[in-house]
Amino acid sequence: MKISNSTSSYITKTRIGVLAVSAMGMASLAITPSYAAIARTFSLSNTGVQMLTSLPNLFMMIAGIVVGKLTAAKLNLKILTLAAILLIVLGGFMPLIYNSSFAFLMGCSFLVGLGQGACTNLSQVLISQLLPKSTMGLTTTFTNIGGIIFIMGGGQLAASSSWITNYWIYIFSLLVLVVAILLIPLSPKDLKLSNFLCK
């Protein structure tokens, strides 16, 4: 069945927005290139500094449960998605303002973990409700692309100055927030998806 130009444009834009959200799936790993420098700054053991990424992984699971309840309550998916990305933006940028406390950095990691977990779950829900199911296979690719950007980009920033500048890589999450605002629809368009879900 032929898809109209308006429908095709809608699917393309929505797909870009949703896949950008899935790129947030490894946001908590952005700081890993600076483990050694952070450990030296706060006199931490290797295990201690690794809590900056192990803690977010814990809260990713909590976020998954919360997102399930919120989507079941029929809350707007776009608003939930923007809130999730905003958590990553806040958790990523706040250490640029204040970075003298490891406990504060842990709190920021907590925010990133919640946002990351929510984005991971919401990207799947968005695809199931807004896009052809064939898009599902692309989420892993974009999650890995996001991981590469966060880890390699963060490492380059840290190498250019100090571990604090590593956090500037979270500007990528800010760009994703803008993309999500512009491209993810506030409500699903009636496209009769059953006609092309398998395409």
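Basis for what follows: all heavy atoms, side chains included, without hydrogens, waters or symmetry-related copies.
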ask   = Under a 4.5 Å side-chain heavy-atom rule over Ile, Leu, Val, Met, Phe, Trp and Tyr, are Leu19 and Val179 clustered together?
value =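 Hydrophobic grouping puts Leu19 apart from Val179.
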Below 4.5 Å, heavy atoms only, C-beta onward: do [X] and [Y] meet side chain to side chain?
X	Y	result
Thr32	Tyr35	yes
Asn99	Tyr167	no
Ile38	Asn166	no

Gap separating the CD atom of Gln116 from the CG atom of Asn57, nearest 0.5 angstrom =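 CG of Asn57 is found 6.5 Å from CD of Gln116.
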So which heavy atom on [X] is nearest to which on [Y], and how close?
X	Y	value
Pro95	Gly92	CD-O, 3.5 Å
Ile85	Ala180	CD1-CB, 3.8 Å
Ser160	Leu157	OG-O, 2.6 Å

ask   = Where do Leu29 and Phe150 land on the side chain to side chain contact (heavy atoms under 4.5 Å, CB included) test, with the steps shown first?
value = CA-CA 7 Å; Leu29 298 180; Phe150 277 118; 5.7 Å; no
task = Keeping to residues at least two apart or across chains, list the ring pair (Phe, Tyr, Trp, His ring centres under 6.0 Å) pairs with something in residues 43-71.
result =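 Found Phe59-Phe110.
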query = So Tyr98 and Phe104, would you call those rings parallel, tilted or perpendicular, with 30° and 60° as cut-offs?
reply =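 Ring orientation of Tyr98 relative to Phe104: perpendicular.
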ask   = Going through the checks in order, is the side chain to side chain contact (heavy atoms under 4.5 Å, CB included) test met by Leu77 and Leu122?
value = CA-CA 8 Å; Leu77 288 178; Leu122 284 166; 4.0 Å; yes
